[in-house]
Structures are given as structure tokens and as C-alpha cells.
Amino acid sequence: MSNLVEWFEFQVPGKVICAQQCVDSIGTEMDNIGGSKVLVVTDEGVENAGLTQKVIDGMDSGSAEVVGVFNEVPPNSEIQVVQRCYDKVKEADADCLVSVGGGSVMDTAKATAILMVETGDLLDHQSAVYTPSGPMPPHIAVPTTAGTGSESTFAAVIADHEQEMKLIFQAPEMAPNVAMLDPMLTTTLPPGLTASTGMDALTHCIEALHSEMHEPICDGLALHGIRLITRYLARATADGEDVDARTYMLIAANMGGVAFANAFVGIIHAMAHSLGGHFGTPHGIANSILLPYGMEFNLRYSDEGIPASYRRVAEAIGLDVASDDDDTASRKAIEWLRGLTVEIGLPQRLSEVGVPEDGLEAATSEAMIDGCMFNNPGDPEEEEVLELFKKAY
Ligand SMILES: [Fe+2]
């Protein structure tokens with residue numbers, strides 16, 4: 001147990017329910033946590049796919065009433081959207097939230113909950129650790145992708161276009177009270193989004209494992225997340241109606257979310273955030289391209305036990321590495337992951353996804369000050385990160 005940390009904290013988020021059609025009982029769950037007037041937060045795509053209505057129908061199982069639907073959440077939510085969502089809360093006189101969608105939708109609801117407690121301007125409450133001045137409103141999150149795990153994390157990422165920054169609002173109280181994992185709400189997600197959001201989940205698991213903040217509970221969650229994603233992501237991508245694969249992907253994304261909510265993520269997310277901020281590169285695609293390069297890079301931190309950690313990734317994938325040293329086992333895992341991204345049809349290089357080559361230096365500067373960079377092992381230098389961007393280009 002040489003990897004055992006001397007001291008750690010692990011914060012457990014809310015209740016998780018997982019079953020086909022579990023949203024049919026969402027009204028009962030809302031009764032349990034004391035909400036009576038519900039604002040449903042969602043986006044137009046999810047609404048048009050009929051998923052929001054399924055959840056609204058499920059509210060009939062309890063006594064809470066749906067008093068409004070806010071469907072204006074864009075792919076990367078922003079301060080003004082949260083403000084409009086809060087305006088809708090006031091207009092409808094809502095006292096609780098149900099979010100139905102991907103990470104942007106769930107994060108919008110989490111940030112709206114801050115305004116429901118504090119009122120005023122969201123920017124006034126931005127800090128590394130937000131301390132609510134009163135009880136947060138009841139919130140049930142229903143993810144329609146298996147990726148972010150935001151239904152069970154403590155943070156909301158909201159863009160501020162005036163400052164050209166992504167702001168992070170964070171507090172243990174921000175975790176939704178209940179996460180409902182219903183695979184039937186993910187079967188219509190197209191293959192490209194299934195693949196890229198699934199790779200985001202896989203990156204959460206691997207980065208939680210190599211983070212300086214990793215500890216045994218998060219390691220366990222991350223490793224089983226890796227086991228499930230490497231078995232089921234290709235299946236869910238090839239056949240969206242494969243309900244078993246969809247179920248395991250939702251579970252794995254949730255485990256990755258809980259792992260990284262506690263252990264945080266590292267260099268790969270720091271670089272992906274920067275590409276997203278500068279060039280709008282979709283988060284899952286940026287992570288998917290950068291993951292093997294970031295792992296190769298981190299192999300240099302053998303004093304921090306990285307090759308030994310990645311041997312465990314290889315074992316979780318199910319590779320036969322019994323007779324290999326840690327470095328060889330790690331490289332087998334990295335090559336296997338590259339093969340997975342080819343199999344599920346994702347781009348392999350940054351040059352394929354609209355990132356301009358002359359923008360890599362600016363992206364590097366931004367990545368260096370991203371909070372995730374500080375949890376990476378070692379102390380990556382600016383030139384090394386630029387080199388890494390170029391390798392992935
Ligand atoms: Fe992520």
C-alpha cells in the first residue's frame with residue numbers, strides 16, 4: 001500500500017437511483033426531499049426528443065406541481081442564461097428544480113440554485129469554495145448523456161463571455177439531492193455524442209486516478225468506471241438501443257463524476273478547457289484526442305507512481321500485462337485506448353477539429369493557469385505543455 005495517502009477527505013454526494021423508467025417515480029422522490037413547485041430546466045434538443053415530457057409525466061407520481069419549464073440552456077451555459085433561468089424561477093414562484101439534460105443543463109440548474117438562496121448577481125458568489133447562506137432548494141438531476149457525471153458532483157461550470165472565462169462555482173451543498181439514471185432517456189443519443197461524452201467520462205476516471213489528490217476510495221470508483229466504459233462504450237456507440245450498455249455507461253459516468261468531484265482532474269482537462277474556451281472545441285472530443293498524449297506525458301512521473309497507476313488501467317481494461325514492467329503495461333493501455341477512439345469514430349488529432357496551429361501558444365498559456373493543472377503530478381513546464389499540444393496536433 002505504498003500509494004496510501006496520509007490523510008484525505010471523501011465527500012459523498014446525494015442519492016443515486018438507477019433503473020429503466022426510474023423517472024416514472026420522480027414525483028415521489030421530490031416529495032421525499034420537500035419540493036412542491038417545480039421548475040424544469042432543460043434544453044430544446046432534449047425537449048424535442050420528448051425526454052423532458054417523460055420526466056414531467058413522472059412528476060404525477062407525487063404531489064409536487066410543475067410550475068414552469070426553462071428550455072433555453074445552450075451547449076456551454078453562461079451567466080446570462082443562469083440569470084434568465086432564475087427570472088423564470090421568480091416568475092413561476094418555483095421552490096425546487098428538476099434538471100433534464102447534459103452537463104450544461106445540470107450546471108445551469110446548480111448555479112440557479114445559488115441565486116435562489118442568495119439572490120443578486122451570480123458573479124458575487126464566485127469563489128473557490130462557495131458557502132451557501134441558507135439551505136439549497138431541492139434539486140433532482142436526470143442526465144440524458146453518460147459523460148459529465150454532473151448529476152453527482154459539487155460544481156457548476158458557467159461561461160462568462162465578457163471575461164472570456166469559464167467560471168467554476170463549487171460547494172458540497174451544490175450536489176443535486178437525487179440523481180436519477182434512466183437508460184431509456186439515453187437510447188436516442190446519436191453515436192458521435194455517445195462516443196465523445198463517453199470519452200469525457202473515461203478521462204474523468206483516468207485523471208482522478210493520476211491526480212495528486214487521488215485516494216483509495218476514488219481509485220476504486222475510477223477503476224471500476226474504466227472497467228465498465230472500456231467494455232460498454234463501443235457497444236453503446238454501435239447500437240444506441242443496447243440498454244445494458246447504456247445503463248453501464250450511465251453508472252460509469254456517475255462513478256467517474258464522484259471520483260473526480262473528490263480527487264479532481266489534471267493536465268488533460270486543463271488543456272481541453274483551454275481549447276474549449278479559445279476555439280470552441282467540444283469538451284469530450286478535446287479530452288478524447290488529448291487522453292493518450294497526456295498519459296504518455298505523465299509516464300515521466302515515476303516517482304509519483306504514475307506507471308504503476310496506469311498498469312492498473314491496463315488491468316481494468318482486461319489486458320494481459322502480468323509479465324510486463326509498469327512502463328510497458330502502461331503503453332499497452334495507452335495504445336488500447338487509441339484503438340478504442342478509432343473504433344468509435346472519433347477524430348485523432350487537433351488539426352482535424354478546427355484548432356488553428358498558430359493558436360497553440362495562447363492555448364498553452366491558458367492551460368497553465370487552469371485550476372486542473374495544479375492537481376496533475378509533477379510540475380509541467382509551459383514548454384512541455386506546448387510540446388504536448390504540438391504532438392496532439
Ligand atoms: Fe470533463
Side-chain angles (χ1 to χ4, degrees), residues 8-14 16 41 73 75-79 81-82 85-86 97 99 101-118 122-133 136-137 139-143 145 147-160 163 165-179 197 200-201 203-205 207-208 211-215 217-218 221-222 225 253-266 268-270 272-274 276-277 283-284 287 369-376:
F8 71 86
E9 286 185 13
F10 178 83
Q11 182 98 30
V12 181
V16 176
V41 182
V73 182
N76 291 298
S77 193
E78 53 190 290
I79 297 283
V81 174
V82 175
C85 186
Y86 176 56
L97 300 166
S99 52
S104 183
V105 164
M106 293 187 279
D107 285 5
T108 299
K110 286 156 122 178
T112 301
I114 296 177
L115 288 178
M116 289 169 74
V117 177
E118 314 292 348
L122 188 62
L123 285 173
D124 293 343
H125 309 293
Q126 204 239 332
S127 70
V129 182
Y130 156 67
T131 309
S133 65
M136 299 294 273
H139 177 191
I140 300 178
V142 183
T145 63
T148 76
S150 183
E151 69 278 4
S152 292
T153 70
F154 311 119
V157 181
I158 304 290
D160 178 355
Q163 296 186 71
M165 281 173 70
K166 283 200 166 182
L167 305 177
I168 297 177
F169 299 85
Q170 186 154 303
E173 295 86 346
M174 284 174 64
N177 306 80
V178 182
T197 51
D200 182 30
T203 307
H204 294 155
C205 293
E207 291 226 274
S211 165
E212 286 198 323
M213 301 283 285
H214 86 101
E215 35 78 3
I217 299 177
C218 288
L221 290 165
N254 188 268
M255 295 175 89
V258 179
F260 93 84
N262 282 278
F264 302 101
V265 282
I268 296 161
H269 267 76
H273 288 157
S274 171
H283 182 68
N287 276 324
I369 54 169
D370 187 284
C372 301
M373 192 62 92
F374 303 109
N375 300 307
N376 200 70

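The shortest distance between side-chain heavy atoms of Pro13 and Val258 falls below 4.5 Å. Under the 4.5 Å side-chain criterion, counting only non-hydrogen atoms from C-beta, Asn262 is not in contact with Phe8.
In this structure, Cys218 and Ala259 approach most closely via the heavy-atom pair SG-O, 3.4 Å. Smallest separation of non-hydrogen atoms from Met174 and Ala155: CE-C, 4.2 Å. Looking at every heavy atom in both residues, Gly14 comes nearest to Ala175 through N-CB, 4.5 Å. In this structure, Cys205 and Ala222 approach most closely via the heavy-atom pair O-CB, 3.3 Å. When all heavy atoms of Phe374 and Ile369 are compared, the closest pair comes out as CE1-O, 4.1 Å. For Val81 against Val73, the heavy-atom pair with the smallest separation is CG1-CA, 4.2 Å.
Under a 3.5 Å cut-off, the side chain of Glu118 and the backbone N or O of Ser133 do form a donor-acceptor pair. Although no hydrogens or angles enter the test, the distance criterion places a donor-acceptor pair under 3.5 Å between the side chain of Glu207 and the main chain of Ile268. Side-chain N or O atoms of Asn254 include none that pairs as donor or acceptor with a backbone N or O of Gly149 at under 3.5 Å. Proximity of a side-chain donor or acceptor of His273 to a complementary backbone N or O of His269 within less than 3.5 Å is detected. A donor-acceptor pair under 3.5 Å is formed between the side chain of Ser104 and the backbone N or O of Pro75.
Side-chain atoms of Asn375 and Ser211 include no donor-acceptor pair closer than 3.5 Å. Under 3.5 Å, the side chains of Lys110 and Thr153 contain a donor-acceptor pair of N or O atoms. Residues Glu212 and Asn376 have side chains that never bring a donor and an acceptor to within less than 3.5 angstrom of each other. Between the side chains of Thr145 and Thr197, no donor N or O sits under 3.5 Å from an acceptor N or O.
Taking CG of Leu123 as the start and CG of Leu167 as the end, the distance is 6.5 Å to the nearest 0.5 Å. Taking CG from Asp107 and OG1 from Thr148, the interatomic distance works out to 6.5 Å, rounded to the nearest 0.5 Å. Once rounded to the nearest 0.5 Å, the distance linking CD of Glu9 with CE of Met213 reads 8.5 Å. Considering CZ of Phe154 and CD of Gln170, their distance stands at 8.5 Å, rounded to 0.5 Å. Atom CD1 of residue Ile114 and atom CG of residue Asp124 lie 11.5 Å apart, to the nearest 0.5 angstrom. Of the inter-residue distances, the one linking Met106 atom CE with Ser77 atom OG reads 12.5 Å to the nearest 0.5 angstrom.
Ala272 meets the side-chain contact (heavy atoms from CB on, under 4.5 Å) test with His283, Ala286, Asn287, Leu290; sequence neighbours excluded. Residues passing the ring pair (Phe, Tyr, Trp, His ring centres under 6.0 Å) test with His139, sequence neighbours excluded: none.
Residue-environment remark: CG (Asp370) exceeds the threshold of 12 foreign heavy atoms within 6.0 Å.
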Verify side chain to side chain contact (heavy atoms under 4.5 Å, CB included) between Leu122 and Tyr86, making sure each step is shown before the conclusion. CA-CA 10 Å; Leu122 188 62; Tyr86 176 56; over 6 Å; no
Evaluate the side chain to side chain contact (heavy atoms under 4.5 Å, CB included) criterion for residues Ser152 and Val16: first the C-alpha distance (whole Å), next the side-chain angles of each, then the deciding distance (0.1 Å), finally the verdict. CA-CA 8 Å; Ser152 292; Val16 176; 3.9 Å; yes
Do Phe264 and Cys372 pass the side chain to side chain contact (heavy atoms under 4.5 Å, CB included) test, and can you show the C-alpha distance, the side-chain angles, and the key distance before you say yes or no? CA-CA 7 Å; Phe264 302 101; Cys372 301; over 6 Å; no
Go through the steps for Leu115 and Val82 under the test side chain to side chain contact (heavy atoms under 4.5 Å, CB included), then give the verdict. CA-CA 9 Å; Leu115 288 178; Val82 175; 3.9 Å; yes
